[in-house]
Amino acid sequence: MHILLLNLGMESIREVKQALSGQGYEITTERTLTLDEIQTLSPEVLVTEATPSDLSCCGVISQIKASVDLPTLKILIIVHGGALERARALDLGADDVISFPFERLEFVAKIRTQFRERQPELELEAKLKDALQKEHLAETVVEALSGGTNAKRRFWLIPAILSLSAAVVLAGLATVISNRHSRKDTLQLKAEVARLNGGILQQEELLRRAEQTRASLPASDTLGTRESLKAQTKEIRKKIAADGDADSESLKTQLQETQNRLNRLENEGRVAETIVHKYGPSVCLLHVVVELRDKDSGQAIRLAADATGKPVVDDKGMVSLETDGTGPPLQIDVFGTGFLIGRDGRLLTNHHVAEPWWGDEELKQLLDKGAVAFASSYTAYFPASPQGIPAKVERISAQADLATLKLQTPAPPHTALLELDDRSEASVTGDPVVLIGYPTGIEGILARAGSDVTRKVAENAHEVTQIVSQLAAQRLIRPTTTQGHIGDVLKDKIVYDAATTSGGSGGPLFNRDGKVIGVNFAILSDFGGSNLAVPVRYADELVK
């Protein structure tokens, strides 16, 4: 993670480097650079400074924002002044701004936010690039489809080894359930096929994806912040010893504030450890298998197969879908998080985990075209348990993105029930929170397991269920824990900054008392990379 410090004053450079110490960033410090020189350095975040006497940063910012070669470079400006100066910096095109002098913890949090906000842009850029590369294939497929009807109504796809995305299904069903294509339909199908080919996970991609996920796993923010505070404490003590009585009161005040923050962080860390130890075993990985059928005929959408049951593949590695064959059904594998709230095996999670097509715009288009989606199986994998437990949907909330599932056999003996706290005073802005879940699903688990495990799984497993079963048998399914603070408490949501991503949906959000105050359901990428949780009071109708 590369940060470029451009045209900062000496005092600002010292404070920025102290703040970023121990955070794991690669930092380059430069004075005046041209746009080409900035591009050559390839920074991900640019930190620059605007002072009343030097506004040279303005031209650089304008050039960067107008450049097609630096579309995802994030800019943080340090200003000397208050609200007026910060507003002016934002008007110049900065992605964020902070006044000098600043709190180091706040500065580091703003840097982390910029790296988080880059991720969706990078993913979109990669998808667009891939879609353009697949354009020729899309043209070929659409030509073949537009040439006439097919008795078995087939649609050609690249083989899916782990799962098929919603884009895959949407593109496929456009043809599987309809033989009639207008010019407009054909053009739409062409765009969907281009997305389709970027959305399928190939077998040889398993190792690469796991390695990529491993490289992107963030270091512990808490650990980095703790080390930074310890370094600050040491530096202040040195200054007190060197300066004598010259500025002792000011330095002692800084030392006390730093020690207070460090103590608070240590206390929050102990709370998190207690929560993880007690409740981590009760937070499970949910594997939901979604299948589809044609609404009119009621027939399942299947992979075309030969007499032995093996999928039919041509010399280009393409397989086909059909509605009246005998091959295996087309499946979409979805991962989320759930947690134990009842001795009867009741789990709390999100509605959109229990019914992955709910609220999904791409799948809604698919359903509008005549497909029916349904969950063919639910399996809950608890940490340290060697096998999954089948589950079924019990109830779905009519008010919020919540649902309960029920285990079909007893929960593992090492689990404890999570306690829900629906009181308004249980969620307070600024208070620390702990989030437990399975962000990135099995890719995250493989990434944490290491290259050797990933390679072995890739050799022995040929479908998602087999991969998850192998991970469970080796007791490698364990949730991740992140810490943060509540940013805001609204009527129907809690905003907080503990990191997560897809797969973390349904994870419990704990307050400092170790009680669940919310259920994670969304990432609010346009609001500083924050996340959203449904307040647990909306679960009252489901659990009482």
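In this text, all values refer to a predicted model and were calculated from it rather than measured experimentally.
- No side-chain heavy atom of I517 sits less than 4.5 Å from a side-chain heavy atom of Y496.
- With contacts defined as side-chain heavy-atom distances shorter than 4.5 Å, the pair I3/F115 qualifies.
- Looking only at atom types and distance, the side chain of E355 has a donor-acceptor partner in the side chain of H351 under 3.5 Å away.
- Residues satisfying the salt bridge (Lys or Arg N to Asp or Glu O under 4.0 Å) criterion with E419, sequence neighbours excluded, are K515.
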> Run the side chain to side chain donor-acceptor pair (under 3.5 Å) check on H2 and T28 step by step: do they pass?
Replying inline: CA-CA 8 Å; H2 186 192; T28 301; 2.8 Å; yes

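- At a threshold of 4.5 Å between non-hydrogen side-chain atoms, the residues P356 and I332 do not count as touching.
- Considering L5, L76, I77, I78 in turn, I78 is the only one that fulfils the side chain to side chain contact (heavy atoms under 4.5 Å, CB included) rule with E49.
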>> Apply ring pair (Phe, Tyr, Trp, His ring centres under 6.0 Å) to residues F335 and H287 and explain how you reach the verdict.
In response: CA-CA 5 Å; F335 291 93; H287 178 203; 4.7 Å; yes

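- Annotation: side chain of V16 is not in contact with side chain of I27 (no heavy-atom distance under 4.5 Å).
- Residues satisfying the ring-ring contact (aromatic ring centres under 6.0 Å, His included) criterion with Y538, sequence neighbours excluded, are absent altogether.
- Closest of all the heavy-atom pairs between T337 and P508 is CG2-CD, 4.4 Å.
- Expressed to the nearest 0.5 Å, how far CG of L73 lies from CD of Q114 amounts to 10.0 Å.
- Residues P383 and V283 fail the side-chain proximity criterion, which asks for heavy atoms closer than 4.5 Å.
- Relative ring orientation between F100 and H80 is described as tilted, the plane-to-plane angle lying within the 30° to 60° band.
- At a threshold of 4.5 Å between non-hydrogen side-chain atoms, the residues V534 and D492 do not count as touching.
- Expressed to the nearest 0.5 Å, how far OG1 of T404 lies from CD1 of I341 amounts to 6.5 Å.
- Side chains of S282 and F339 form no contact here, defined as non-hydrogen atoms less than 4.5 Å apart.
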